[in-house]
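Reviewing the structure listed below.
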Amino acid sequence: MVSGSPYLQVSFFFFLFVVSSFAGDPYVFYDWTVSYITASPLGDKQQVIGINGQFPGPILNVTTNWNVVVNVKNDLDEALLFTWNGIQHRKNSWQDGVSGTNCPIPAGWNWTYEFQVKDQIGSFFYFPSLNFQRAAGGYGGIIINNRAVIPLPFGMPDGDISIFISDSYTKSHKGLRKDVENGVDLGVPDGILINGYGPYRYDPTLVKDGIVYQIINVEPGKTYRFRVHNVGISTSLNFRIQNHNLLLVETEGSYTIQQNYSNMDIHVGQSYSFLVTMDQNASTDYYIVASPRFVNSSDWSKVNGVAILHYSNSQGPASGPLPILNDYDTYFSMNQARSIRWNISAGAARPNPQGSFKYGDITVTDVYVILNRPVELIDGKKRTTLNGISYLPPSTPLKLAQQFKIPGVYKLDFPNKLMNRPPKLDTSVINGTFKGFMEIIFQNNDTTVQSYHLDGYAFFVVGMDFGVWTENSRSTYNKWDGVARSTTQVFPGAWTAILVSLDNAGIWNLRAQNLDSWYLGQETYVSVVNPEADQSEVLLPENSIYCGILSSLQKDQAQRVNFSGAISISGSSKTVFIMLIIALIGHSFR
């Protein structure tokens with residue numbers, strides 16, 4: 001051993017952590033510096049949020065049951081939290097990274113997330129959850145691979161490609177935030193980004209010269225897994241690849257019945273996996289398109305995200321018009337959504353088939369009909385509501401208030417239907433029953449598509465239709481193979497029904513994924529308390545940040561826990577290195 005060798009120092013650091021968890025599940029470590037960087041996705045320089053200088057941020061590539069440690073250094077000029085869209089944090093809402101569970105990471109501070117991807121597989125993403133920051137970036141992918149003992153329900157792809165699609169404005173997230181606070185509509189975005197890049201110049205009259213665009217390089221005859229995430233602000237996007245079928249295989253942690261689609265509507269906050277086979281003759285390159293849905297202004301027709309699929313034997317550049325799509329066909333889109341079904345025979349995080357959990361046979365214990373309406377005035381300001389309540393975030397996170405038994409921070413009185421009273425600001429929370437089975441109906445009385453997300457769980461999408469939900473609507477529910485996911489769309493003038501088993505103790509965010517709706521108050525939390533002492537529920541982290549009523553408990557940054565004492569290497573290198581260490585340890589015991 002050579003004294004002072006950086007490689008050996010890093011090796012020893014990881015050796016200690018792998019040995020400590022050798023009898024259990026592996027750990028992976030990431031060091032992130034979050035800062036503003038300058039980019040020009042739409043041709044003009046603008047400020048975006050990068051992670052370690054990357055926009056989008058790095059991919060977290062892990063395997064079922066692994067432990068993930070992410071040390072975040074906040075080099076922004078405002079507070080920051082990361083949330084992990086679709087990660088369930090079993091019995092550990094301390095790591096959820098939203099205002100109801102965590103105090104923000106102040107500017108200049110670091111904080112370490114530590115969570116396990118327990119009993120999960122699939123495609124997810126992370127993003128900054130405060131202050132409209134997702135509009136500026138800070139997002140990236142999460143891949144949870146199957147354990148080796150559980151085969152994929154399809155052949156191993158020849159490659160794995162993550163795609164992030166988003167509406168984008170050249171105005172800063174602070175400017176957009178101010179507009180929303182002042183009741184100014186966001187309007188038509190300046191562009192649609194694909195992996196942080198602007199559009200290929202498919203039409204010189206619509207796309208300025210000099211914009212850098214994304215190129216996906218592929219080999220003929222190969223099959224690739226495309227993981228596509230809508231990480232945008234408020235626009236539903238249709239994703240398609242010219243002349244190629246999209247074989248849907250997974251969405252947000254559930255393997256699906258495998259069906260071919262020529263295109264897929266992906267709503268804000270949703271994630272899908274497709275297998276795409278390179279079966280064309282490559283006479284030219286092919287368009288990869290993300291275009292706005294359910295908009296009827298001619299200005300929107302000028303806004304398309306376009307990347308290029310490039311075969312190694314391609315004979316020329318892509319040209320001609322984009323693949324055609326009817327921009328305002330909600331009936332088509334709803335029928336497409338209904339066609340997405342759970343693969344009940346496939347194993348996923350566990351060897352037993354997904355369909356072993358027969359959700360349709362479980363008795364519902366609680367019913368909530370949650371109605372949203374267009375923006376309305378409350379105390380002279382424009383706000384959004386759920387059941388007439390616009391959520392008011394307290395200065396002390398709900399989870400900390402619950403832990404320290406602080407009265408008056410929130411109320412467990414969120415109504416199970418719209419009440420006959422004026423809309424109001426309140427910190428009203430759903431009182432969930434531990435191990436209960438809840439039915440939630442989202443009724444969208446707004447004029448735009450909304451998507452809703454529940455942290456801590458995967459829920460079953462059992463029905464959706466136009467009109468007003470009634471109890472008779474239950475006769476249309478899919479009680480056999482409705483897909484389990486964490487984000488669902490609700491079409492304007494329509495409803496969507498979900499079922500969820502409340503088996504994960506904690507306080508969990510229920511929110512609109514559309515940033516403007518969320519920021520103006522369309523969220524609440526579901527409190528799920530185990531009435532019995534549960535030794536497996538994760539305790540208050542030692543490195544917790546305190547704020548609000550508990551600010552006096554906060555120590556200086558220098559006295560807080562910091563897991564980043566070792567030399568940093570890239571996330572993918574760390575993963576490979578840990579597996580090398582495990583292999584070496586196994587070899588030494590032969």
Side-chain angles (χ1 to χ4, degrees), residues 29-37 47-55 57-58 68-84 89 92-115 126-140 172-178 180-181 391-404 406 409-410 427 455 507 509 511 515 518-519 523 525 540-565 568:
F29 301 82
Y30 298 88
D31 277 324
W32 288 358
T33 298
V34 183
S35 63
Y36 298 119
I37 60 176
Q47 188 182 77
V48 299
I49 294 176
I51 299 174
N52 296 343
Q54 299 179 45
F55 168 68
V68 181
V69 182
V70 184
N71 187 73
V72 175
K73 172 67 184 304
N74 180 10
D75 270 357
L76 303 179
D77 58 359
E78 58 186 8
L80 170 73
L81 281 174
F82 278 102
T83 194
W84 319 89
H89 301 293
N92 189 15
S93 56
W94 295 113
Q95 304 297 321
D96 201 28
V98 286
S99 67
T101 59
N102 298 85
C103 292
I105 307 168
W109 284 41
N110 74 283
W111 196 73
T112 302
Y113 292 90
E114 182 173 347
F115 56 88
Y126 60 83
F127 67 90
S129 64
L130 301 179
N131 299 321
F132 227 77
Q133 289 163 352
R134 191 175 80 211
Y139 49 75
S172 72
H173 74 280
K174 293 178 183 177
L176 294 173
R177 184 172 74 206
K178 194 71 174 175
V180 169
E181 288 172 352
Y391 183 77
L392 184 65
S395 60
T396 306
L398 313 180
K399 183 68 176 170
L400 279 173
Q402 182 188 70
Q403 171 74 23
F404 287 89
I406 302 171
V409 173
Y410 64 94
T427 310
D455 285 346
I507 289 183
N509 189 218
R511 62 175 176 267
L515 270 186
W518 182 13
Y519 188 76
E523 69 173 318
Y525 286 79
L540 173 73
E542 291 183 7
N543 66 337
S544 288
I545 299 175
Y546 297 98
C547 56
I549 296 170
L550 298 171
S551 295
S552 61
L553 299 180
Q554 182 57 52
K555 299 176 181 179
D556 292 337
Q557 171 75 84
Q559 297 173 282
R560 295 176 57 255
V561 177
N562 182 352
F563 291 104
S564 294
S568 176

Inset, instruction - Using a 4.5 Å cut-off on heavy atoms from C-beta on, say whether the side chain of Y391 contacts that of N509. - result: no
Inset, instruction - Using atom types as modelled and distance alone, determine if a side-chain donor or acceptor of W518 lies under 3.5 Å from a backbone N or O of E523. - result: no
Inset, instruction - Show the numbers, then the answer: is there a side chain to side chain contact (heavy atoms under 4.5 Å, CB included) between N71 and W32? - result: CA-CA 6 Å; N71 187 73; W32 288 358; over 6 Å; no
Inset, instruction - Would you indicate whether the side-chain heavy atoms of L176 and L515 approach each other to under 4.5 Å? - result: no
Inset, instruction - Take D31 and K73 through the test salt bridge (charged side-chain N to carboxylate O under 4.0 Å, His left out) and record every step on the way to the result. - result: CA-CA 8 Å; D31 277 324; K73 172 67 184 304; over 6 Å; no
Legend entry - Verdict with supporting geometry, I51 and Y30, side chain to side chain contact (heavy atoms under 4.5 Å, CB included): CA-CA 11 Å; I51 299 174; Y30 298 88; over 6 Å; no
Inset, instruction - Give the minimum heavy-atom separation between L130 and L80, together with the two atoms involved. - result: CD1-C, 4.0 Å
Legend entry - I37 and Q54, any side-chain heavy atoms less than 4.5 Å apart: no
Inset, instruction - Determine yes or no for a side-chain-to-main-chain donor-acceptor pair under 3.5 angstrom, with N52 supplying the side chain and T33 the backbone. - result: yes
Inset, instruction - Determine whether F127 and T83 make a side-chain contact, defined as any pair of heavy atoms from C-beta on separated by less than 4.5 Å. - result: yes
Legend entry - Partners meeting salt bridge (Lys or Arg N to Asp or Glu O under 4.0 Å) with E78 (sequence neighbours left out): R177
Legend entry - Pairwise side-chain contact, L81 with W111, heavy-atom cut-off 4.5 Å (strictly under): no
Legend entry - Nearest heavy-atom neighbours spanning S544 and Q554: O-OE1, 3.9 Å
Legend entry - Backbone N/O of G175 and side chain of S172: donor-acceptor pair under 3.5 Å: yes
Legend entry - Nearest-0.5 Å distance that lies between atom CG in N131 and atom NZ in K174: 9.0 Å
Inset, instruction - Could you grab the distance from atom OH of Y126 to atom OH of Y113, nearest 0.5 Å is fine? - result: 12.0 Å
Legend entry - Check: I549 main-chain N/O paired with T396 side-chain donor or acceptor under 3.5 Å: yes
Legend entry - L553 side, atom CG; C547 side, atom SG - distance, nearest 0.5 Å: 10.5 Å
Inset, instruction - Please tell me if the side chains of Y546 and F404 come closer than 4.5 Å, counting only heavy atoms from C-beta onward. - result: yes
Contacts table for residues 98-108: side-chain donor-acceptor under 3.5 angstrom, sequence neighbours left out:
{"residue": "T101", "atom": "OG1", "partner": "V98", "partner atom": "N", "Å": "3.3"}
{"residue": "T101", "atom": "OG1", "partner": "V98", "partner atom": "O", "Å": "3.1"}
{"residue": "N102", "atom": "OD1", "partner": "G97", "partner atom": "N", "Å": "3.0"}
{"residue": "N102", "atom": "ND2", "partner": "W94", "partner atom": "O", "Å": "2.6"}

Inset, instruction - Using modelled atom types only, decide if a donor and an acceptor are shared between the side chain of W84 and the backbone of H89 within a distance under 3.5 Å. - result: no
Inset, instruction - Verify, without hydrogens or angle tests, whether Q133 (side chain) and A79 (backbone) share a donor-acceptor contact under 3.5 angstrom. - result: yes
Inset, instruction - Could you tell me the separation between the OG1 atom of T427 and the OH atom of Y525, rounded to the nearest 0.5 Å? - result: 10.5 Å
Inset, instruction - Find the distance between CG (D96) and CZ (F82) and round it off to the nearest 0.5 Å. - result: 14.0 Å
Legend entry - Backbone of E114 reached by a side-chain donor or acceptor of Q95 within 3.5 Å: yes
Inset, instruction - Report the distance from atom CZ of F132 to atom CD of E181, rounding to the nearest 0.5 Å. - result: 9.5 Å
